[in-house]
Enquirer: 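Submitted below is the structure of interest, expressed as structure tokens.
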Amino acid sequence: MNEDFVIENGVLTEYHGPGGDVVIPEGVTEIGPEVFFNNHCWANVTSVTIPEGVVRIGYSAFKTCKNMTKVVLPKSLRQIDGEYLKGAFMWCGGLTSVTIPEGVTEITEDMFNGCEALQKAVLPESVRVIARGTFDRCKALSSINIPSGLKEIGVGAFGDCVSLSHVDLPDGLEVIGGAAFSGCKGLEDFTIPKSVKEIGFAAFDRCESLTRMEIPEGITKLDNHIFDRCTSLREVVIPDSVQELGNGVFEGCASLPAVTLPEGIPDLHPYLLQGCTALREFHIPESVTEIKNNAFEGCTSLEEITIPAGVTIIMEEAFRDCASLRQVTILGKDVKISASAFAGTEAEVIVDRLGLGKLPKNVRFYTLFRFAQRYLSGEEPPAGHRAQCLKYIKRVGAKLFPLAKEHPAILELLLRERCFKPEDIPALIEQTEDESTIASLKTYLSHSL
């Protein structure tokens with residue numbers, strides 16, 4: 001009945017009917033904002049038929065009509081308004097499918113946000129923008145066509161669409177917004193068009209079924225957490241145009257065995273590869289000057305790595321808990337290394353020009369221990385490393401005895417290299433009760449007189 005509707009100059013401004021299957025009267029050209037939202041019958045509306053002649057639907061017009069399972073949109077429709085948390089069909093939890101008519105150019109902000117039963121959306125070729133949060137948390141959405149003229153996918157547009165397994169993006173697309181496909185756990189097949197110029201933060205985070213991604217040439221930055229927790233990701237192709245990596249780009253990519261970064265990258269940012277437990281090899285570009293905190297934390301399969309000569313700082317916990325890391329080669333001379341940079345590892349650091357005294361205490365000990373083992377076995381370490389180790393033990397001398405008396409290999413190294421002054425021997429003997437150590441010291445003293 002028309003008494004159910006308040007219409008002013010063609011604009012439907014209020015609805016006072018009982019709900020059920022609502023048919024909006026002929027002659028209406030626009031449905032105003034929040035007409036069915038904040039309405040006594042919002043829970044009773046089961047379907048809505050909108051007549052030809054309607055060209056615009058206001059923001060929040062049908063928001064929270066949770067039992068509405070069907071909406072028929074007219075061919076005359078040209079605009080569906082939406083703002084943050086004011087999507088026209090936001091939280092319509094019973095809606096299962098929707099077809100947007102040709103002529104609509106933007107799927108506006110939060111339009112179908114929280115429509116958890118929505119399985120299929122048909123978009124017209126006229127659409128150029130899928131805005132922020134449009135299909136966010138549409139957990140049943142398994143089918144959507146992407147128009148060939150689409151230019152932009154907004155922030156969180158398909159966030160947590162866990163049933164979405166495949167999306168064909170058109171050539172001509174330019175922007176994939178932050179978190180655009182975040183949490184799309186079923187997304188397996190995905191190709192980024194070569195036309196894309198920008199990929200936002202966390203665009204694919206928690207896409208747990210993705211196995212391969214290729215970044216198109218022209219992209220200059222991989223933003224923060226873009227592939228965070230893509231646990232099945234095994235291959236990423238990164239073009240030379242990429243010159244900046246954000247925080248946590250590959251954090252939690254537990255199946256990623258290797259990744260190649262282009263030259264020109266200046267820093268390895270925090271959490272870059274944290275938790276990449278399958279990572280076995282990694283080449284740090286020569287252009288890198290800083291390895292920031294937690295960059296490789298928890299890369300438990302990483303066995304060795306070379307730090308280029310240009311690196312000046314290795315920050316806190318950069319390689320923390322890299323349990324398999326056995327050898328780190330540092331080529332630079334002036335490198336500041338945090339005390340916790342290699343915490344939880346037993347890595348031997350091979351230095352070339354860097355003084356051993358600049359290594360954190362725990363790393364320095366293990367490096368000396370491994371050098372002593374190499375030395376005594378006749379294995380020839382790299383010339384620069386040998387020179388730095390011998391220079392260090394001869395400079396420090398008797399101060400290393402507390403360590404040497406616990407590790408015979410280090411003691412033997414110190415004795416062979418004549419690192420103790422004869423006048424120091426009696427005091428050193430007083431510091432130990434081990435008969436073998438005492439005998440070695442006495443022999444050393446007798447040969448020094």
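The residues of the chain are indexed from 1 along the displayed sequence. Values below: every heavy atom of this structure, side chains too, minus hydrogens, waters and symmetry copies.
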Enquirer: How far does CG of N2 sit from CD of E26, to the nearest 0.5 angstrom?
Expert: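 So the CG of N2 and the CD of E26 are separated by 10.5 Å.
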
Enquirer: Of all the heavy-atom pairs spanning A295 and L268, show the shortest one and how long it is.
Expert: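 Smallest heavy-atom distance, with atoms named: CB-O, 4.3 Å.
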
Enquirer: Is there a side-chain contact between Q274 and F250 in this structure, where contact means two heavy atoms from C-beta onward sitting under 4.5 Å apart?
Expert: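 No, their side chains stay 4.5 Å or more apart.
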
Enquirer: Going by atom types alone, do R320 and N294 pair a side-chain donor with an acceptor below 3.5 Å?
Expert: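 Their side chains do not contain a donor-acceptor pair, so the 3.5 Å distance test is not met.
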
Enquirer: Should K63 and D110 count as an ion pair when the cut-off is N to O under 4.0 Å?
Expert: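 No.
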
Enquirer: Quickly, which of V48, I57, T99 forms a side chain to side chain contact (heavy atoms under 4.5 Å, CB included) with L73? Name it, please.
Expert: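 Of the listed options, the one satisfying the test is I57.
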
Enquirer: Between E235 and R212 (salt bridge meaning N to carboxylate O under 4.0 Å), is one present in this structure?
Expert: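 Result for this pair is yes, salt bridge flagged.
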
Enquirer: If you round to the nearest 0.5 Å, how far is CG of L12 from CD1 of I31?
Expert: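 Reported value, rounded in 0.5 Å steps: 6.0 Å.
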
Enquirer: Specify the closest pair of heavy atoms between P147 and P170, including all atoms of both residues, with the distance to one decimal.
Expert: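 Scanning both residues completely, I find the closest heavy atoms to be O-CG, 3.3 Å.
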
Enquirer: Between T289 and D267, is any pair of side-chain heavy atoms under 4.5 Å apart?
Expert: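 They are in contact (side-chain heavy atoms under 4.5 Å apart), so the answer is yes.
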
Enquirer: Begin from the C-alpha positions of R374 and E348 and carry the test salt bridge (charged side-chain N to carboxylate O under 4.0 Å, His left out) through to its verdict.
Expert: CA-CA 12 Å; R374 291 172 183 268; E348 175 190 15; 3.0 Å; yes

Enquirer: Looking at R386 and F371, what are the two nearest heavy atoms and their distance?
Expert: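 Closest pair (atom of R386, atom of F371, distance): CA-CE1, 3.9 Å.
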
Enquirer: Please determine whether side chain to side chain contact (heavy atoms under 4.5 Å, CB included) holds for the pair I100 and I107, giving the CA-CA distance in whole Å, both sets of side-chain angles, and the decisive distance to 0.1 Å.
Expert: CA-CA 9 Å; I100 306 296; I107 308 302; 4.2 Å; yes

Enquirer: Are any side-chain N or O atoms of R234 and backbone N or O atoms of L210, one a donor and one an acceptor, separated by less than 3.5 Å?
Expert: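 No.
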
Enquirer: Please check if the side chain of S301 supplies one atom and the backbone of T277 the other of a donor-acceptor pair under 3.5 Å.
Expert: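 The answer is yes, because a donor-acceptor pair under 3.5 Å joins these two groups.
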
Enquirer: Look at atom NZ of K66 and say whether more than 12 heavy atoms of other residues, nucleotides or ligands are closer to it than 6.0 Å.
Expert: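 Counting neighbours around NZ of K66, 12 or fewer heavy atoms of other residues, nucleotides or ligands fall under 6.0 Å, so no.
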
Enquirer: Does the pair E304/R280 count as a salt bridge with the N-to-O cut at 4.0 Å?
Expert: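 Between R280 and E304 there is no salt bridge, as every charged N stays at least 4.0 Å from the carboxylate O atoms.
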
Enquirer: Classify the angle between the aromatic ring planes of F190 and F181 as parallel (below 30°), tilted (30 to 60°) or perpendicular (above 60°).
Expert: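 The rings of F190 and F181 stand perpendicular, inter-plane angle above 60°.
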
Enquirer: Under the 3.5 angstrom rule, does the side chain of E102 hit a backbone N or O of S126 as a donor-acceptor pair?
Expert: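 Side chain of E102 to backbone of S126: a pair is present.
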
Enquirer: Please tell me whether D205 and H225 have a donor and an acceptor in their side chains that are separated by less than 3.5 angstrom.
Expert: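 The answer is no; no qualifying pair exists.
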
Enquirer: Between E174 and S195, do the side chains contain a donor N or O and an acceptor N or O under 3.5 Å apart?
Expert: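 The answer is no; no qualifying pair exists.
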
Enquirer: In this structure, which one of D21, T69, N67 forms a side chain to side chain donor-acceptor pair (under 3.5 Å) with S47?
Expert: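 When side chain to side chain donor-acceptor pair (under 3.5 Å) is applied between S47 and each of D21, T69, N67, only D21 qualifies.
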
Enquirer: So, the side chain of T134 versus the backbone of I130: is there a donor-acceptor pair under 3.5 Å, distance only?
Expert: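 No, the answer is negative, given that no donor and acceptor are paired below the 3.5 Å cut-off.
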
Enquirer: Mark yes or no for whether Y15, through its side chain, and G19, through its backbone, hold a donor-acceptor pair below 3.5 Å.
Expert: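 The answer is yes, because a donor-acceptor pair under 3.5 Å joins these two groups.
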
Enquirer: Using side-chain heavy atoms (C-beta onward) and a distance below 4.5 Å, is D223 in contact with I199?
Expert: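 No; the side chains remain at least 4.5 Å from each other.
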
Enquirer: Quick one: CG on D168 to OG1 on T191, what's the gap to the nearest 0.5 Å?
Expert: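 So the CG of D168 and the OG1 of T191 are separated by 8.0 Å.
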
Enquirer: Which value, rounded to the nearest 0.5 Å, describes the distance between E198 atom CD and I153 atom CD1?
Expert: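 So the gap between those two atoms works out to 12.5 Å.
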
Enquirer: So, for F282 and F296, is the gap between ring centers shorter than 6.0 Å?
Expert: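 Ring centres of F296 and F282 closer than 6.0 Å.
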
Enquirer: Using modelled atom types only, decide if a donor and an acceptor are shared between the side chain of S209 and the backbone of K185 within a distance under 3.5 Å.
Expert: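 Yes.
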
Enquirer: To the nearest 0.5 Å, tell me how far L141 CG sits from S165 OG.
Expert: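 Between L141 CG and S165 OG, I get 10.0 Å after rounding to 0.5 Å.
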
Enquirer: Distance-only, no hydrogens or angles: does the N145 side chain make a donor-acceptor pair with backbone N or O of L123 under 3.5 Å?
Expert: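 Confirmed, N145 side chain pairs with L123 backbone.
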
Enquirer: Write down the atom of S182, the atom of A202, and the distance for their closest heavy-atom approach.
Expert: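 Heavy atoms of S182 and A202 come nearest at CB-O, 3.8 Å.
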
Enquirer: Do T329 and I305 make a side-chain contact, defined as non-hydrogen atoms from C-beta onward lying under 4.5 Å apart?
Expert: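 No, their side chains stay 4.5 Å or more apart.
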
Enquirer: Between M213 and L233, is any pair of side-chain heavy atoms under 4.5 Å apart?
Expert: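 M213 vs L233: side chains touch.
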
Enquirer: Using every non-hydrogen atom in the two residues, find where F135 and A121 come nearest and quote the distance to one decimal.
Expert: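 What the structure gives for the nearest pair is CE2-CB, 3.8 Å.
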
Enquirer: Which residue, L222, V237, V196, forms the side chain to side chain contact (heavy atoms under 4.5 Å, CB included) with I215?
Expert: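 For I215, the side chain to side chain contact (heavy atoms under 4.5 Å, CB included) test succeeds with only one of L222, V237, V196, which is L222.
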
Enquirer: Hey, does D334 have a side-chain heavy atom less than 4.5 Å from the side chain of K358?
Expert: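 They are in contact (side-chain heavy atoms under 4.5 Å apart), so the answer is yes.
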
Enquirer: What are the two closest non-hydrogen atoms of P101 and K75, and how far apart are they?
Expert: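 Scanning both residues completely, I find the closest heavy atoms to be CB-CA, 3.9 Å.
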
Enquirer: Run the side chain to side chain contact (heavy atoms under 4.5 Å, CB included) test on F89 and V98 for me, step by step, so that the C-alpha distance in whole Å, both residues' side-chain angles and the decisive distance to 0.1 Å come before the verdict.
Expert: CA-CA 10 Å; F89 299 95; V98 65; 5.9 Å; no

Enquirer: For a 4.5 angstrom cut-off between non-hydrogen side-chain atoms, does R326 reach E303?
Expert: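 Not in contact.
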
Enquirer: Do V328 and F319 have side chains that get closer than 4.5 Å, going by heavy atoms?
Expert: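 Sidechains of F319 and V328: no contact.
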
Enquirer: Taking only Lys NZ, Arg NE, NH1 and NH2, and the carboxylate oxygens of Asp or Glu, determine whether E208 and R206 approach each other closer than 4.0 Å.
Expert: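 Salt bridge: no.
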
Enquirer: With distance as the sole test, does R364 use its side chain to make a donor-acceptor pair with the main-chain N or O of L359 at under 3.5 Å?
Expert: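 Looks like yes, one N/O pair under 3.5 Å.
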
Enquirer: Of F112, W91, F36, which meets ring-ring contact (aromatic ring centres under 6.0 Å, His included) against F62?
Expert: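 The ring-ring contact (aromatic ring centres under 6.0 Å, His included) with F62 is passed solely by F36 among F112, W91, F36.
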
Enquirer: Checking S76 side chain against G53 main chain: does a donor-acceptor pair fall under 3.5 Å?
Expert: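 At least one qualifying donor-acceptor pair exists.
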
Enquirer: Under 3.5 Å, is there a donor-acceptor pair between the side chain of H385 and the main chain of V351?
Expert: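 Such a contact is found between H385 side chain and V351 backbone.
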
Enquirer: More than 12 heavy atoms of other residues, nucleotides or ligands under 6.0 Å from NZ of K139: yes or no?
Expert: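 No, NZ of K139 has 12 or fewer neighbouring heavy atoms, counting only those of other groups under 6.0 Å.
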
Enquirer: Any side-chain donor-acceptor pair under 3.5 Å between H16 and E14?
Expert: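 Per modelled atom types, H16 and E14 side chains form a pair under 3.5 Å.
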
Enquirer: Hey, what do you get for NZ (K197) to CG (L173), rounding to the nearest 0.5 Å?
Expert: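 These two atoms lie 11.0 Å from each other.
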
Enquirer: Does the pair L331 and T306 meet the rule for a side chain to side chain contact (heavy atoms under 4.5 Å, CB included), with working shown?
Expert: CA-CA 8 Å; L331 300 179; T306 297; 3.9 Å; yes

Enquirer: Working note: V349 + I330, criterion side chain to side chain contact (heavy atoms under 4.5 Å, CB included); need CA distance, chi angles, decisive distance, verdict.
Expert: CA-CA 7 Å; V349 175; I330 298 179; 3.5 Å; yes

